[in-house]
S.K.: 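Before I ask anything, here is the structure I am working with.
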Amino acid sequence: MIRVAAWNVNSVRQRIGHLVGWLKSFRPDVALLQELKCTTDGFPRLEVEDLGYNLAIVGQKTYNGVAILSRHPMTVEAERLPGAADDEQARYVEALIQHEKKVLRVASIYLPNGNPADSEKFTYKLAWLERLRRHAVALLSHEEPLVLGGDYNVVPTDDDVYDPEGWKDDALCRPESRAAFRRIVNLGLVDAYRALHSEPHRYTFWDYQAGRWQKDEGLRIDHLLLSPQAADLLTAADIDRGPRKQEKPSDHTPVWCELDL
DNA sequence: ATGCCGGGCGAAGCCCGA
């Protein structure tokens with residue numbers, strides 16, 4: 001059994017207390033983190049290593065930044081998403097996890113937001129999604145357990161947003177974003193949360209503004225996509241709302257799954 | 001129609017996020 005979680009922490013240095021507490025209590029085998037908002041050297045490495053985690057960090061000053069934390073042996077496979085040599089943004093890290101003579105491949109993904117939807121930022125987002133699709137084709141050819149997890153910045157359907165009408169022109173909900181996300185899923189990946197939960201309006205993000213958390217008006221934009229070989233091992237998945245309830249929280253909360261690996 | 005909140009940077013106010 002291996003527990004994998006994805007969490008956009010919105011600054012790992014602001015959230016180190018929350019992160020340590022959550023690692024101690026929830027004890028994920030593998031944690032996929034996004035929005036570190038610090039350089040690789042600036043990551044609070046000792047606090048996490050003291051809990052028994054190996055680290056793979058791809059940081060960047062001020063923006064972005066992703067990491068993989070693993071209680072099991074880990075080898076880094078990629079620190080950039082292939083397909084654009086000039087892309088300097090720290091949004092992808094991929095590793096192999098060794099667990100009792102078996103191997104799990106994971107990636108921590110921080111997709112571009114893409115707003116406003118009439119700008120070059122949206123073009124970059126759609127190109128990033130297409131690069132991810134192409135890379136997923138290559139990864140799926142390994143026919144191994146694989147988890148592509150993180151902040152996709154895509155609301156898959158109107159059931160995944162509190163106000164579909166109000167958000168329909170946003171880059172997170174635009175049909176182009178949803179179609180590009182579906183093209184990835186349709187390669188044969190399984191949304192771990194949706195595989196086990198059909199109820200609408202379950203969220204992983206709530207804006208800090210306008211009391212969105214108190215009103216439970218959020219978005220489901222953090223996803224764990226499983227290869228068929230991982231989906232066959234899926235025993236549980238859920239959203240852990242605990243961290244979002246705390247003082248000075250991230251605006252995201254973790255999504256997790258368990259694989260009978 | 002816009003800001004609301006919050007983080008980084010850097011020391012006031014702007015950029016960015018979703």
Side-chain angles (χ1 to χ4, degrees), chain A residues 6-20 22 32-44 57-67 87-92 108-129 132 149-178 180-181 193 201-223 239 241 243-255:
Chain A
W7 187 15
N8 177 323
V9 294
N10 188 18
S11 171
V12 71
R13 295 204 278 195
Q14 287 294 322
R15 226 63 63 201
I16 186 59
H18 290 51
L19 177 62
V20 166
W22 175 74
L32 311 172
L33 305 183
Q34 298 83 41
E35 273 213 275
L36 306 178
K37 289 188 171 177
C38 68
T39 60
T40 301
D41 288 344
F43 189 99
I57 304 164
V58 176
Q60 175 183 339
K61 184 178 167 70
T62 309
Y63 302 117
N64 310 317
V66 288
D87 186 354
E88 299 297 321
Q89 300 189 28
R91 296 182 176 277
Y92 187 88
S108 178
I109 289 168
Y110 179 46
L111 243 127
N113 173 303
N115 277 305
D118 60 353
S119 70
E120 70 291 334
K121 291 185 177 181
F122 192 57
T123 307
Y124 173 66
K125 175 181 194 164
L126 295 179
W128 212 98
L129 278 158
L132 181 60
D151 178 358
Y152 281 75
N153 270 318
V154 175
V155 173
T157 76
D158 282 353
D159 285 345
D160 301 306
V161 51
Y162 68 95
D163 177 13
E165 186 59 28
W167 280 77
K168 67 180 174 57
D169 294 325
D170 189 279
L172 279 64
C173 293
R174 280 281 292 262
E176 299 95 323
S177 303
R178 287 177 170 176
F181 180 75
Y193 179 78
H201 306 297
R202 294 291 183 269
Y203 309 126
T204 62
F205 165 90
W206 300 259
D207 198 297
Y208 289 121
Q209 304 178 70
R212 298 294 181 209
W213 166 253
Q214 288 76 14
K215 293 185 278 191
D216 194 23
E217 294 178 342
L219 312 171
R220 193 172 71 91
I221 52 177
D222 301 273
H223 308 296
I239 296 163
R241 295 164 63 101
R244 188 64 177 82
K245 297 175 182 171
Q246 299 192 295
E247 292 296 314
K248 302 283 286 181
S250 169
D251 39 8
H252 296 249
T253 212
V255 58

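Below, chain A is the first sequence line, B the second, and so on; all start at residue 1. Note that the structure is a prediction, hence the values are computed from the model and not measured.
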S.K.: Under 4.0 Å, counting only non-hydrogen atoms across every strand here, what does Arg15(A) touch: a base, just sugar-phosphate, or nothing?
M.R.: sugar-phosphate
S.K.: Has Lys61(A) got a side-chain N or O lying under 4.0 Å from the OP1 or OP2 atom of dG8(B)?
M.R.: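 Negative; the distance criterion is not met.
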S.K.: Please tell me which of Pro249(A) and Glu35(A) maps to the more 5' nucleotide of DNA chain B, matching each residue to the nucleotide holding its nearest heavy atom.
M.R.: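 This one resolves to Pro249(A).
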S.K.: Quick check on dG8(B): is either OP1 or OP2 less than 4.0 Å from any side-chain nitrogen or oxygen of Gln14(A)?
M.R.: yes
S.K.: Leu219(A) CG to dC5(B) P: how many Å, rounded?
M.R.: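 So the two atoms are 18 Å apart, to the nearest Å.
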S.K.: Which nucleotide in the set dG17(B), dC16(B), dG8(B) lies at the smallest distance from any side-chain heavy atom of Tyr208(A)?
M.R.: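 Nearest to the side-chain atoms of Tyr208(A), counting from C-beta on, is dG17(B).
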S.K.: For Gln246(A) and dC5(B), what is the distance between atoms CD and P respectively, to the nearest whole Å?
M.R.: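 In whole Å, dC5(B) P lies 21 Å from Gln246(A) CD.
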S.K.: Contact class for Asn8(A) (heavy atom, under 4.0 Å): base, sugar-phosphate, or nothing?
M.R.: sugar-phosphate
S.K.: Any side-chain N or O of Asn153(A) less than 4.0 Å from the OP1 or OP2 oxygen of dA18(B)?
M.R.: yes
S.K.: In whole angstrom, give me the gap between the P atoms of dG10(B) and dC15(B).
M.R.: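 Looking at atom P only, dG10(B) and dC15(B) are 15 Å apart.
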S.K.: Roughly how many Å is it from CD in Gln89(A) to P in dG8(B), rounded to a whole number?
M.R.: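 Rounded to the whole Å, the gap is 18 Å.
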S.K.: Round to a whole Å and report the spacing from CG of Asn113(A) to C1' of dG6(B).
M.R.: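 Going from CG in Asn113(A) over to C1' in dG6(B) covers 15 Å.
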S.K.: Between dC16(B), dG8(B), dG7(B), which nucleotide gets closest to the side-chain atoms of Thr62(A)?
M.R.: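 Taking heavy atoms from C-beta onward, the closest nucleotide is dG8(B).
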S.K.: Between dG8(B) atom P and Asp251(A) atom CG, what is the distance in whole Å?
M.R.: 12 Å
S.K.: Contact class for Lys125(A) vs. all strands (heavy atom < 4.0 Å): base, sugar-phosphate, or nothing?
M.R.: nothing
S.K.: Take the protein atom CD of Gln214(A) and the nucleotide atom C1' of dC4(B), then report the distance between them rounded to whole Å.
M.R.: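 From Gln214(A) CD to dC4(B) C1': 13 Å.
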S.K.: Using heavy atoms to find the nearest nucleotide of DNA chain B for Leu172(A) and Gln209(A) separately, return the residue whose nucleotide is more 5′.
M.R.: Gln209(A)
S.K.: Looking at every strand, decide which applies to Asp222(A) at a 4.0 Å heavy-atom threshold: base, sugar-phosphate, or nothing.
M.R.: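 Nothing, no nucleic acid heavy atom in range.
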S.K.: Spell out yes or no: do the side chain of Asp170(A) and the base of dA18(B) have one donor N/O and one acceptor N/O closer than 3.5 Å?
M.R.: no
S.K.: Is there a donor-acceptor pair closer than 3.5 Å between any side-chain N or O of Arg220(A) and the backbone N or O of Thr204(A)?
M.R.: no
S.K.: Kindly give the heavy-atom pair with the smallest separation between Arg13(A) and Ile16(A), and that separation in Å.
M.R.: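 Closest heavy-atom pair between Arg13(A) and Ile16(A): O-CG2, 3.6 Å.
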S.K.: To the nearest Å, how far apart are Asp151(A) CG and dC16(B) C1'?
M.R.: 14 Å
S.K.: For Lys37(A) and dC16(B), is the shortest distance between a side-chain N/O and OP1 or OP2 below 4.0 Å?
M.R.: no
S.K.: Counting distance only, does the side-chain N/O of Arg202(A) pair as donor-acceptor with the main-chain N or O of Asp160(A) below 3.5 Å?
M.R.: no
S.K.: Reckon Tyr110(A) has a side-chain N or O less than 4.0 Å from the OP1 or OP2 of dA18(B)?
M.R.: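 Yes, within the criterion.
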S.K.: Could you work out the separation of dA1(B) and dA11(B) based on their P atoms and round it to a whole Å?
M.R.: 37 Å
S.K.: Any ion pair linking Arg241(A) and Asp216(A) (charged N to carboxylate O, less than 4.0 Å)?
M.R.: yes
S.K.: What is the distance from CG of Asn115(A) to C1' of dT2(B), rounded to the nearest Å?
M.R.: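 Going from CG in Asn115(A) over to C1' in dT2(B) covers 16 Å.
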S.K.: Pick the P atom in dA12(B) and in dT2(B), then give their distance to the nearest Å.
M.R.: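 To the nearest whole Å, 29 Å.
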S.K.: Taking all non-hydrogen atoms of both residues into account, name the closest pair between Val66(A) and Ser108(A) and its distance.
M.R.: CB-OG, 3.8 Å
S.K.: Which heavy-atom pair separates His252(A) from Asp222(A) by the least distance, and what is that distance?
M.R.: ND1-OD2, 2.9 Å
